[in-house]
Amino acid sequence: MDTLTLTQEYYLCSIGDKGRYPALDMERGICLVAAGMLELMLGKAVDLEGEKLSVLRPLPEESACLEELYQLIRREQPVKVQRVLESFLVSISDNRLKELLGAVGASLVPAGAARPEKGGLFGGRTLYVPDEAWRDRVVQNLRAELLEDGALSDEGAALAALLHKSGVIGRYFSAYEKKALKERLKELKDRPDNQLVGRMIEYIEDLMALAVVAST
């Protein structure tokens with residue numbers, strides 16, 4: 001496997017060095033589920049019409065780690081994006097989110113992009129620790145795309161937006177590069193050919209706002 005999917009790349013960049021998300025960090029979990037939905041939509045496996053998702057074709061082999069997400073959409077179609085996000089994120093410790101994290105992490109092992117280690121409470125859970133060389137490769141590819149003059153690809157725009165919204169972009173980009181990133185993301189609003197990533201960003205922002213209200 002020489003290339004990674006959008007969800008795999010987001011996992012590598014957002015997961016902690018010990019293969020887990022910080023406690024109570026809902027933003028990273030929200031964006032992981034959003035990455036999965038975007039991957040399915042960009043791969044034409046799932047369609048977004050209005051605010052609802054429906055299945056178009058069988059799950060692609062390269063997206064096998066998204067089986068649970070895909071099946072949830074298939075069972076409840078047409079299903080609202082917000083409903084899908086909420087079903088994985090009752091809390092950051094929800095089992096469904098843990099299973100998604102585990103599936104994505106495990107899918108990276110054959111390529112050497114992650115390695116399994118025992119962790120969690122009493123060491124009874126398998127966590128998938130990111131490989132630094134693979135993570136650096138993803139970041140450098142995204143940096144190159146951001147700083148080039150051409151339009152951002154859908155996958156590049158999606159990854160940049162997810163890293164920005166999850167609050168981890170500062171780990172990898174300088175202040176100058178973060179400014180360039182924000183400018184590039186504005187391009188999404190001016191692209192009549194494809195508003196998919198821009199719409200998903202709006203759903204992420206709405207759910208994050210709801211999460212903040214619910215926690216106060």
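Every heavy atom of this structure was used, including side-chain atoms; hydrogens, water molecules and symmetry mates were not.
Using a 4.5 Å heavy-atom cutoff, the side chains of Ser54 and Ile73 are not in contact. Side-chain contact between Phe173 and Leu142: present, with at least one pair of heavy atoms (C-beta onward) separated by less than 4.5 Å. You'll find the side chain of Lys98 reaches within 4.5 Å of the side chain of Arg125, heavy atoms only. Counting heavy atoms from C-beta on, the side chains of Val84 and Met37 come closer than 4.5 Å. The shortest side-chain heavy-atom distance between Leu108 and Trp134 does not fall under the 4.5 Å cut-off. Between Leu100 and Glu68, the closest side-chain pair of non-hydrogen atoms is not below 4.5 Å. A heavy-atom distance below 4.5 Å is not found between the side chains of Glu49 and Pro78. Using a 4.5 Å heavy-atom threshold, the side chains of Lys18 and Leu127 count as separate.
With no hydrogens or angles considered, a side-chain donor-acceptor pair links Glu39 and Thr7 at under 3.5 Å. Side-chain atoms of Tyr21 and Ser14 include a donor-acceptor pair closer than 3.5 Å. Side-chain N/O atoms of Arg143 and Gln140 include a donor and acceptor closer than 3.5 Å. Checking Arg74 against Gln77 by side-chain atom types alone, no donor-acceptor pair falls below 3.5 Å. Judged by distance alone, the side chains of Ser107 and Gln8 do bring a donor and an acceptor atom under 3.5 Å apart.
Remark: Leu32 CG to Ile15 CD1 distance equals 8.0 Å, nearest 0.5 Å. Rounding to the nearest 0.5 Å gives a distance of 5.0 Å between OG of Ser87 and CZ of Arg96. Atom SG of Cys65 sits about 13.5 Å away from atom CD of Glu99, to the nearest 0.5 Å. In this structure, CG on Leu6 lies 6.0 Å from CG on Leu162, to the nearest 0.5 angstrom. Summarising the geometry, atom OG belonging to Ser63 is positioned 9.5 Å from atom CG belonging to Leu69; distances are rounded to the nearest 0.5 Å. Annotation: the span from Asp154 atom CG to Leu38 atom CG amounts to 9.5 Å, rounded to 0.5 Å.
No side-chain donor-acceptor contact under 3.5 Å links Tyr11 to the backbone of Pro130.
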**Asked** Does the side-chain contact (heavy atoms from CB on, under 4.5 Å) test come out yes or no for Leu101 and Tyr128, once each step is laid out?
**Response** CA-CA 9 Å; Leu101 276 167; Tyr128 296 92; over 6 Å; no
**Message:** Go through it in stages, so that I can follow the logic: the residues are Met41 and Leu53, the test is side-chain contact (heavy atoms from CB on, under 4.5 Å), and I'd like the CA-CA distance, side-chain angles, deciding distance and then a yes or no.
**Reply:** CA-CA 9 Å; Met41 287 186 276; Leu53 295 163; 3.7 Å; yes
**Request:** Any chance you could lay out the side-chain contact (heavy atoms from CB on, under 4.5 Å) test for Glu132 and Asp17, step after step, and finish with the verdict?
**Result:** CA-CA 9 Å; Glu132 287 298 330; Asp17 291 339; 3.6 Å; yes
**Message:** Show, in sequence, the C-alpha distance, side-chain angles and deciding distance for Arg57 and Asp47, and conclude whether the salt bridge (charged side-chain N to carboxylate O under 4.0 Å, His left out) test is met.
**Reply:** CA-CA 10 Å; Arg57 67 183 182 96; Asp47 180 53; over 6 Å; no
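When all heavy atoms are compared, the tightest approach of Pro116 to Val109 is CD-CG2, 4.0 Å. Shown here for Glu145 and Gly156, the closest heavy-atom pair between the two residues is OE1-CA, 3.8 Å. Shortest non-hydrogen contact noted between Tyr10 and Arg28 is OH-O, 3.0 Å. When all heavy atoms of Ala45 and Tyr70 are compared, the pair lying nearest together is O-CE1, 4.3 Å. Residues Pro110 and Ala106 share a closest heavy-atom pair of CD-O, 3.4 Å. The heavy-atom pair separating Ala34 from Leu85 by the smallest distance is N-CD2, 3.9 Å.
Between Glu76 and Arg83 there is a salt bridge, since at least one side-chain N of the basic residue sits less than 4.0 Å from a carboxylate O of the acidic one.
For the side chain to side chain contact (heavy atoms under 4.5 Å, CB included) criterion with Val46, the lone passing option out of Leu40, Leu56, Leu59 is Leu40.
Under a hydrophobic-cluster definition in which Ile, Leu, Val, Met, Phe, Trp and Tyr are linked whenever side-chain heavy atoms come within less than 4.5 Å, directly or via other members, Tyr172 and Leu159 are assigned to the same cluster.
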